[in-house]
Each structure stands twice: as C-alpha cells, then as structure tokens.
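Note on naming: letters A, B, ... go to the chains in the order of the sequence lines (proteins, then strands), and numbering restarts at 1 for each one. Scope of the values below: all heavy atoms of this structure, side chains included, with no hydrogens, waters or symmetry mates.
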Amino acid sequence: MKVTVTVMLKDGVLDPQGKAIGHALAGLGFAGIGEVRAGKVIELDLVETDPARARAAAEAMARKLLANTVIERFDIAVGGA
Amino acid sequence: MKVTVTVMLKDGVLDPQGKAIGHALAGLGFAGIGEVRAGKVIELDLVETDPARARAAAEAMARKLLANTVIERFDIAVGGA
Amino acid sequence: MTEVSPALARQFGLNDEEYARVLAILGRTPSLTELGIFSVMWSEHCSYKSSRVWLKQLPTTAPWVIHGPGENAGVVAIGEGLAAIFKMESHNHPSFIEPYQGAATGVGGILRDVFTMGARPVANLNALRFGSPDNPVTRRVVDGVVRGIGGYGNCVGVPTVGGEINFHPAYDGNPLVNAMTVGIAPADRIFLSAAAGVGNPVVYVGSKTGRDGIHGATMASAEFGQDAEAKRPTVQVGDPFTEKLLIEACLELMATDAIVAIQDMGAAGLTSSSVEMAGKGGVGIALDLDAVPQRETGMSAYEMMLSESQERMLIVLRPGREAMARAIFEKWELDFAVIGHLTESGRITVRHRGAVEADIPLAPLADQAPLYHRPIEVAPPPPPLEPVADPVGLGPALLRLIACPDLCSRAWVWDQYDATVGGQTVKRPGAADAAVVRIDGHTRALALTTDCTPRYCAADPRAGGAQAVAEAWRNLTAVGAMPLAITDNMNFGNPEKPAIMGQFAAAIEGMAAACRALDFPVVSGNVSLYNETAGSPILPTPAIGGLGVLEDAAGAVGLALAPGLDLVLIGRTAGWLGQSLWLREIAGREAGPPPPVDLAAERRVGDFVRARILAGDIRACHDVSDGGVLVAVAEMALAGNTGARLAAGPAMSPHAFWFGEDQGRYIAAVADGDALLAAAAAEGIAAMRLGRSGGAGLTLPDGVAISIDELRAAHERFFPAWMDGAGAGPGIGG
Amino acid sequence: MKAGIVVFPGINRERDMAIALERAAGHAPRMIWHRETDLSGLDLVVIPGGFSFGDYLRCGAMAAQSPVMAAVRAHATRGGYVLGVCNGFQILTEAGMLPGALLRNAGLRFLSRDCHLRVERADTVFTRHYQRGEVFRAPMAHGDGNYFADEATLDRLEGEGLVAFRYATPAGEFTPEANPNGSARAIAGIYSPNLRVLGLMPHPENLVDPLLGGEDGKPLFASLAEAFAA
Ligand SMILES: Nc1ncnc2c1ncn2[C@@H]1O[C@H](COP(=O)(O)OP(=O)(O)O)[C@@H](O)[C@H]1O
Ligand SMILES: [Mg+2]
C-alpha cells in the first residue's frame with residue numbers, strides 16, 4: 001500500500017527556498033502569487049495493506065527519520081495511485 | 001487559492017535519495033518497505049480563485065521552472081487545507 | 001522483436017558501408033543486441049573514427065610518462081615512487097539538457113577514469129564555456145552546471161581547485177563542460193584494463209543497472225514504438241554518495257592482490273568496458289546478464305548492454321579471490337556480482353534468459369572499426385590588424401576590462417566548490433596561476449591548470465592550439481612547477497564539414513608543435529565533436545589540462561602582491577592587439593590574427609622564470625594572458641590588496657603596450673629588480689621594469705589613480721549581480 | 001590525548017581532522033568505523049565533516065540514527081568530550097545532543113570560503129588557547145550551516161553562555177555580511193550545558209599549517225592536546 005509523507009518547514013521557520021521560488025516565478029512574469037513554501041515528499045510502498053496500520057508505520061518513520069520535528073512538520077496520506 | 005505541485009523523478013530515473021532513505025529505514029528496523037521515492041512539493045498561494053485557471057497557471061509554472069521535465073514529472077492538486 | 005535492417009542500422013548511426021562490414025564480420029544479420037554493440041563501439045565517441053588519424057600526431061612520450069593515451073587516464077612519474085594519473089572529459093550535451101545532472105555525472109565519470117587505475121583522486125578542475133550572458137538560457141545553464149559540479153565534487157570529498165570560464169554567443173545552444181580529475185598512486189601499483197587469464201571471473205560492482213541513458217540512436221527509433229521507452233530520458237542522475245563508497249571500496253580491493261584488470265563503465269557501459277577489456281587482453285569474454293544487478297524489472301539484453309547507469313565498474317579477478325572481494329564491497333554496501341568469465345574464444349558472448357543474445361568476434365570489432373580521413377579545409381588566418389586608436393584611455397579601459405564577463409572575478413563560482421577538503425590545498429582558485437595541491441605525507445606538490453582561448457582558435461586554430469598548450473605550460477611555470485604533461489579535451493563542431501575538420505587538424509598541428517617544443521606530451525584526452533546547434537558550430541575549443549610538479553610545496557608562489565617590491569615584466573612585448581580582449585571590449589571588434597607563440601622563446605623565458613622562483617628571488621608571479629599587462633598587474637594588486645605605481649612603457653602606443661596580448665610573458669614581483677634585470681640580460685632574455693608595489697591603488701603612467709576598492713568593486717560585480725535569484729536548485733548538502 | 005574519529009560512509013574530512021589532531025598531540029587518532037560501538041578509553045570523540053550517507057534527506061539525519069551514535073551519547077554521558085565539525089555538528093543536532101538545527105544557507109548555495117569566528121568563551125577545554133573575544137579565520141565548506149533554534153532556546157544558549165563561536169568581521173563586529181549563511185544570532189558553534197560537547201560549522205582543522213594558509217585553527221587542537229596531555 002502506498003503511503004505519502006509530506007514534510008514542510010514549520011511556520012515560523014524561515015523558508016528561503018520557497019521565497020526564492022516565488023521570486024523566480026515573479027521574475028518569469030507569473031503574477032498573483034502569494035506565499036510559496038517548499039518541502040519534501042517521500043512515497044513509500046509498504047507491504048502493509050491495512051490503512052490504519054500503514055499510517056501508524058509511516059508516522060513512526062516520519063518521527064524517527066523522515067522529519068526533524070525541531071524544524072519540520074509532516075503530513076501522511078494513505079493509498080492513492 | 002492554494003495549489004500544491006508535487007515533483008517526482010520519472011519512473012526509471014535513478015533516485016539516490018529514495019534509495020538511501022529506504023536503506024536507512026530498513027536499518028532502523030522498519031520492515032515491509034518496498035520502493036521509496038523522494039520528491040519535492042511546492043505550495044503556492046495564488047490570487048486566482050477559479051480552480052481550472054489556478055491549475056493551468058500552476059502547470060505553466062511547473063513546466064517553466066518547478067520541474068525539469070527531462071527527468072521529472074509533476075502532479076498538481078488544487079485547493080485543500 | 002524488432003527487425004534488424006539497413007534502415008534500423010542507419011537509425012543506430014551506422015551508415016550503409018559500416019553496416020555491410022557488420023554483416024561481413026558476422027556472416028549473418030546481427031541480433032538487436034549485436035547491432036547495439038556495433039553501433040556504440042563504432043560511434044564517434046568510442047571509436048574516434050574522425051579524429052584518430054589526427055590524434056596520432058600528438059607527442060605522447062617522455063622519460064616520465066608511464067602510460068600515455070589508450071588507458072583510462074594518463075600516468076606520469078612525479079618522483080619519490082609516486083605517479084600522477086589524470087584526464088579531462090566532456091559532458092557537453094547532457095549539461096545543456098539538464099545542467100545540474102549533466103555536469104554532476106560528468107564529474108563522476110572522470111573521477112572513475114582516474115580511480116579505476118588505482119589512484120586516490122586528489123583534485124578536480126573544470127573548463128567551462130557558456131553562451132552569451134545576455135541570452136536568458138545561459139544563466140540557467142551556468143547556475144545548474146556550477147551547482148552540479150559542486151554537488152558531486154563536494155560530496156565525494158575531492159577538492160575542486162581550478163578551472164576556467166568563457167562566454168561567447170557561439171556556445172548559446174551548446175555549452176562546454178569539461179571536467180578534469182587528478183589522482184595519486186604508487187608508480188608500481190597502476191591498474192590497467194587489459195583482461196588476462198582464461199577462466200578468470202568477471203565481476204560487476206557498484207550501483208545497479210537501470211534503463212539510464214540508453215543509446216540515443218534508439219530513442220529516435222520509431223520501431224522502438226513503446227511509448228514509455230521513447231520517453232526515457234537520456235540524462236542520468238548522479239549518485240555521489242555511491243561514488244564515494246565505490247572509490248573507497250575499489251582502493252581497498254586494490255591494496256590486495258585480487259585484481260587482474262579493472263575498468264569503469266562509462267559511455268555504453270557494459271558493452272564498452274567488456275569489449276575493451278577483453279579486446280585489449282586478446283581474450284574472449286562470456287557474460288551472463290541474468291547475474292547483472294538490476295534496478296528495474298524486465299530489462300532486455302539490449303538495454304542492459306547499452307545502459308549508461310552511473311557508478312559501476314567491471315573487474316577481472318584472480319581465481320579464488322571472489323569471496324574476499326565480495327566482503328569488501330558488501331562492507332561498503334555496494335552491489336557485487338560475478339557476471340561472467342574470460343574465455344579463449346576471442347569472442348564476446350552474451351547470454352540472457354537462456355538465449356545467446358550476442359556472439360561477436362572481438363578482433364574485427366576493433367580492427368575493422370571505421371576510420372575516416374575526412375576532407376579538411378583550412379581557412380587562412382585573418383589579415384594583420386591595422387593600428388587601432390585608443391578611444392577611452394588606460395584607466396577607463398582597465399575598469400571595463402576587469403569587469404567584463406571573461407575577466408571578472410570567478411569567486412561566485414569557486415565559492416560553491418569545496419577547495420580545501422583533503423587538507424592539502426596550498427594554492428586555491430584565484431591565488432595563483434595554477435592550483436597547487438600537496439601530496440599527503442610528502443613535501444612535493446602538484447600544480448594544475450586548464451587553459452584554452454577559443455577566440456584565438458577561431459581566428460587561427462593552429463596558433464590557438466599552440467597557444468593553449470603554451471599557456472598551460474606557462475601557468476604551471478608561474479607557480480614554480482616543472483610542467484610534465486597534459487590532457488586535452490578537443491571540443492569541435494561537425495567533423496563531416498571540411499571547415500570544421502580543418503580547424504581540428506590545424507589545432508592538433510599547433511598543439512603538437514608546442515608539446516614537442518616544451519617537452520610537454522599529451523598523456524590522455526577526449527574528443528567531443530558535433531557541438532553544433534541548428535548548423536552553427538561552437539568556437540573550436542581544444543581545452544588543455546596541464547600538470548606539473550614542485551619538489552617543495554613551500555616554494556610555490558602566488559599572484560598576491562606585497563608592498564615594496566619591484567615589478568618586472570619578463571618576455572618580449574610587441575603590442576599585439578589582434579583578437580585581444582581590449583579590441584573586443586573597448587574597440588568593439590573581433591579582428592586580426594591571434595598573438596603568435598614563439599615556442600623557443602617561450603621555453604627560454606619560462607625556464608628562466610622557474611629558475612628564479614626556485615632560487616627564491618620571486619615573491620609573486622603572474623603570467624600575462626587575457627587583457628595584457630595592465631590587467632595582470634591589476635589581478636596581482638587585487639589578490640594582495642596592494643597597489644602599485646607604474647612607470648611609462650617603451651616607445652609604442654600605450655594601449656598596445658598595456659593591453660596587448662603578446663605571448664610568453666610573466667610579471668614578477670621581486671625585492672631587487674636590478675638583480676633580476678641583470679640576470680635576464682645575462683641570459684639574453686627581454687625584461688623591463690614596470691613599477692613598484694605599494695599604496696592603496698594603482699597609479700597609471702598617465703597619472704590616473706584607481707583605488708583597489710574601485711578595482712575590486714568593478715571586478716566582483718558581474719557574477720553576483722547576474723545570478724541574483726537565479727533559482728533554487730536541487731540539494732546542496734553540508 | 002586519546003582521540004577517536006568516527007567515520008560514517010560519505011564522511012570526507014576525516015583525514016584533514018586526523019592530520020590536525022596528530023599535529024597537536026604527536027600521535028595519530030583512532031579511526032572508528034560507524035558500526036563499531038566500543039569507545040572506551042577515549043578522551044575525545046570527533047565527528048568530522050563530509051556528507052554522511054550522502055546527506056540525502058537531511059544533512060546528518062541518517063548518521064544520527066547509526067549504532068555508533070548511541071555509543072557517542074554514552075561517552076558524553078560518562079563525561080567524555082565530543083567535537084562535531086560541519087557534518088559532525090549537523091549529526092549532533094539531528095541526534096539531539098545539541099539543540100537546534102542547521103538549515104540551508106540563507107543564500108541557498110554551498111559556500112566554500114574563509115570566514116571569521118569570534119571566540120565567545122576561552123575557558124573550555126576546546127578554547128583555552130584562544131582569548132575571549134579573539135577573532136580567528138576558518139574555512140567554511142557547507143550548504144546547510146544556517147543555525148536555527150526557537151527564540152527560547154537561543155535565549156537559553158546565550159543566558160547559559162553556551163555559544164562557542166559567532167561569525168564576525170575580522171575586527172570582531174557582527175554584521176549581516178560577516179554571517180555568510182544567515183545563522184540565528186550569528187551562531188557558528190555551540191556547547192552542551194556541561195561544556196563537553198562542541199559543535200561548529202567551519203573547519204579549524206583546515207588551518208593548522210602555514211603552508212596551507214595559516215594556523216588560525218591550531219589553538220583549538222592545542223587546547224585539546226593540553227587538556228588531555230596525561
Ligand atoms: N570553473 C572554474 N572552477 C574553479 N576555478 C576556476 C574556474 N574558472 C576559473 N577558475 C579560477 O579562477 C582563476 C582565474 O582563472 P583564469 O582567468 O582562467 O586564469 P588564467 O587566465 O590565469 O589562466 C584561476 O585560479 C582559475 O583556476
Ligand atoms: Mg594564466
């Protein structure tokens with residue numbers, strides 16, 4: 001079962017990459033762009049087929065390794081393509 | 001309106017990050033992990049309120065800057081938290 | 001199953017005559033895999049079919065050369081039982097399509113060429129040519145290429161210590177990324193690629209094989225109809241972490257007696273490595289593709305043989321050493337698989353899923369490889385330049401020149417390269433004419449440089465080829481090193497055009513003359529042809545990578561001026577403005593012949609300068625190149641944060657004296673100018689006093705004063721301003 | 001001084017560090033492969049610079065989970081000393097042995113150049129050969145050295161005197177230009193509360209030889225060699 005972990009910087013942690021992307025997009029002539037935030041996704045293919053257990057496993061992985069909770073928050077989506 | 005662009009390496013393209021993450025998770029004792037792929041997410045706050053137009057704008061941005069379509073594919077999600 | 005036909009062969013890049021030769025060699029229609037093997041082995045890249053006849057003219061021997069061209073990299077003895085192993089290689093096309101990964105994998109590839117011979121890589125350099133800064137694409141390419149070179153080199157922990165950058169609209173659609181690696185090994189522990197020992201195991205190590213960069217020809221082939229296939233990228237993604245492990249694991253295995261032969265899997269991966277190893281050793285090779293570590297499922301024999309997945313090596317082991325070798329690679333968490341053995345058949349046979357997918361005799365594959373004497377047409381050099389008036393004066397011209405993209409500070413670039421890792425970097429980028437890297441545990445050091453002036457080569461490829469070699473020799477000399485040998489990277493357009501082939505032939509001729517005159521042989525190199533976009537070629541660019549040695553690293557001199565020294569110009573000045581940067585940037589013209597190199601004078605002057613450096617007389621030294629004498633003085637002033645007062649030059653137009661690009665010249669800063677002038681006179685070497693260092697600015701002979709701060713602001717403006725906010729590339733690590 | 005250098009796959013400044021330690025102590029340090037867990041008998045454990053596990057995912061994240069790190073933590077708990085430089089500093093924060101985190105450089109580029117560090121206290125085993133307020137030069141070579149911690153943590157670090165070094169001008173002033181990676185409060189290095197664990201981004205080990213540009217980094221190694229002379 002596929003599980004997607006999305007890791008973003010916490011609010012309050014400066015995101016220079018997001019800012020630079022916003023800046024670059026504006027430079028390319030794209031208008032009407034507010035805040036831009038950049039983060040990471042990790043797609044995991046788990047043997048687990050129970051959604052709740054898959055989520056719990058991914059959450060443990062995120063806490064242990066995939067995110068640094070000093071600076072990052074994470075989000076888990078189970079299933080999908 | 002919030003738009004999320006997810007950028008992943010195309011299938012078949014080596015993903016050294018994903019490989020290393022999978023390896024590290026296994027080393028930490030997490031079992032039952034198949035393929036792991038790593039990618040980027042970019043969250044955009046657009047002034048645009050029409051979902052179709054927001055998606056079209058994000059797609060243009062992805063093609064132009066956010067993804068390198070030689071090696072990456074992207075996915076766009078409109079709206080959401 | 002795809003039907004093999006002359007039409008398909010053409011799509012694979014084999015012309016009808018070449019295909020007929022394939023049929024004759026095999027006595028039957030090739031399988032798809034066989035066609036793939038022939039097409040890559042007979043490609044320009046692997047066979048040098050257009051360039052081979054010319055490359056033969058280059059001198060390749062000297063008493064200190066251990067291995068010249070033909071091995072993975074060149075090997076020269078550098079004293080104390082040590083050898084330096086080095087080579088330069090291009091990754092031009094991939095770097096335009098995907099600048100970050102293209103440049104990164106270029107660095108990875110050249111590193112493997114060097115450590116496959118048993119050397120620990122100790123330095124990287126890179127020679128880069130980009131399109132016009134006004135072209136919006138250029139900025140993206142520069143940003144990605146610089147990040148990619150840094151991303152890979154920094155991660156593997158090899159310092160990037162030098163290089164060069166030019167801009168010209170001729171590179172708009174075709175930038176050049178030439179990467180050079182230098183390594184050190186014991187001179188009696190060099191590993192070669194010729195396989196030997198029938199029955200010996202053939203071992204695959206490193207990363208798994210995927211469908212990366214499978215031969216471009218197939219990409220264009222409609223017969224390979226599956227959509228997914230056609231859309232596969234030709235660009236590979238580099239994995240510098242795996243490369244770092246591969247370096248350590250290979251060096252660990254090389255400390256044992258297990259290896260008979262070893263070769264990296266470069267272009268055309270498994271095909272070229274296995275064919276070359278067996279071919280060179282005069283043995284046969286049998287491969288079992290089922291044993292190849294695979295990243296993807298369902299790969300065909302064709303795909304596996306042509307995959308260009310990175311970070312892989314092929315090794316022939318002594319019998320019975322498999323378990324020990326496997327343990328080393330498993331410790332480093334790398335794949336290890338016995339995928340075949342050597343045979344006495346003289347053939348390469350490839351088995352996959354129970355079927356023989358290829359069975360080709362190796363000797364004709366090599367001996368009957370196409371070789372072309374392509375027609376050449378050498379354009380006459382431009383007519384002499386008539387005198388050009390100075391429209392602006394010395395001071396304004398200096399400020400403009402020192403700020404122009406071809407002369408401005410490259411600090412923005414080299415700041416992104418780890419230049420100090422390894423703890424041996426004596427002269428970092430910008431500190432001296434050549435980078436100086438001490439050899440761990442020794443007092444001696446290597447001096448390293450890359451050089452080429454494409455605008456000279458375009459105007460007169462013969463003079464330009466000689467100049468590139470001479471400048472490399474001069475840059476090594478200017479730090480006090482004894483120049484030993486060069487590697488080259490011949491970047492040219494379409495060789496089927498006589499005018500391009502003429503440039504190639506003339507450049508080689510010039511290089512060969514310079515190499516001979518300077519005892520500076522070519523020990524390795526690379527040819528990159530078809531560098532054209534929409535029919536318009538790049539400037540002919542024979543990039544030269546030079547290597548020299550200093551017996552005492554502490555004797556190396558740099559550019560930095562200190563106060564209270566006499567500035568002496570050594571070498572003859574005629575005021576040559578043809579093809580100079582002054583002419584282009586100030587007078588707005590690219591005209592005239594380039595400055596000629598007097599090779600005998602070059603050598604005499606250089607040997608004199610080196611002797612004075614080794615005698616300890618010279619405190620700072622800089623060769624005079626782009627921009628001429630005044631630019632060279634300004635660069636010394638900036639490096640040392642020290643000004644100078646300059647006296648009037650000899651009787652010629654001041655702008656021709658101060659900005660002319662006559663070759664074979666150095667500026668030396670010495671405590672006793674009279675003594676140096678006397679020593680030069682005694683040897684019949686032209687030398688003259690330029691002025692004296694000190695103060696916070698340059699005072700020009702016409703009385704104009706320019707502060708160091710003003711110079712620095714001009715010098716350092718271009719890159720940061722141009723690149724500001726260029727983007728947010730991939731990972732940069734820590 | 002009995003020093004050991006932990007080597008993770010992908011670490012690349014272990015030789016530089018070994019040279020600096022040997023110059024100061026007169027003998028070579030012990031190299032510790034990341035699968036080893038016996039650190040007994042060592043005064044000082046050093047985690048050097050590089051790209052452990054490629055720095056894929058986050059710098060230092062995977063190394064922080066490595067078996068040897070439990071031993072490093074135990075060594076510190078026992079009262080042993082730990083020095084983490086560059087990737088080593090990142091690993092120590094990822095492992096929770098030092099507070100905060102190292103974000104991507106503010107300019108989003110890898111930076112390899114000399115910076116200047118002001119010594120915030122000279123009464124530790126790491127810095128006794130420096131003067132308080134002294135400024136020394138050190139090469140930096142990192143892409144992720146932008147020190148971050150929440151305000152409360154930063155206040156605590158300053159309040160308890162746990163800031164080891166700050167980026168400064170050669171004259172010792174704190175300016176935005178002198179803080180090349182944008183670190184919070186110009187922090188380049190910090191101590192653990194018991195002053196036994198030090199993490200810093202720049203590389204004093206690359207400036208211990210006049211031939212290579214200076215000896216600004218030497219006092220740090222001289223301090224350690226003297227402290228553990230016995
Ligand atoms: N791409 C690059 N990478 C690293 N260093 C570079 C690069 N380009 C130029 N440099 C460094 O910048 C300095 C000046 O380069 P250049 O003007 O080409 O020197 P020269 O004309 O004396 O050969 C040298 O130290 C060179 O090694
Ligand atoms: Mg030069």
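- Chain B forms more heavy-atom pairs under 4.5 Å with one residue of A:V41, A:L44, A:V5, A:V3 than with any other, namely A:V41.
- Heavy-atom distances place the side chain of B:L28, and not its backbone, under 4.5 Å from chain A.
- The distance from the CD atom of B:E35 to the NZ atom of A:K2 is 10.0 Å, given to the nearest 0.5 Å.
- Of the residues considered (A:V7, A:T6, A:V47, A:T4), A:V47 shows the highest number of contacts with chain B, using heavy-atom pairs under 4.5 Å.
- Between atom CD of residue B:E43 and atom CD1 of residue A:I21 there is a gap of 11.0 Å, rounded to the nearest 0.5 Å.
- Residue B:A60 touches chain A through both its backbone and its side chain, counting heavy-atom pairs closer than 4.5 Å.
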*Determine, step by step, whether A:I33 and B:M61 satisfy the side-chain contact (heavy atoms from CB on, under 4.5 Å) criterion, reporting the C-alpha distance in whole Å, the side-chain angles of both residues, the deciding distance to 0.1 Å, and the verdict.*
CA-CA 11 Å; A:I33 303 174; B:M61 296 176 204; 3.9 Å; yes
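- In this structure, chain B has a heavy atom under 4.5 Å from the side chain of A:K64, while its backbone stays farther away.
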*Yes or no on side-chain contact (heavy atoms from CB on, under 4.5 Å) for B:V36 and A:D45, after CA distance, side-chain angles and deciding distance?*
CA-CA 6 Å; B:V36 179; A:D45 235 334; over 6 Å; no
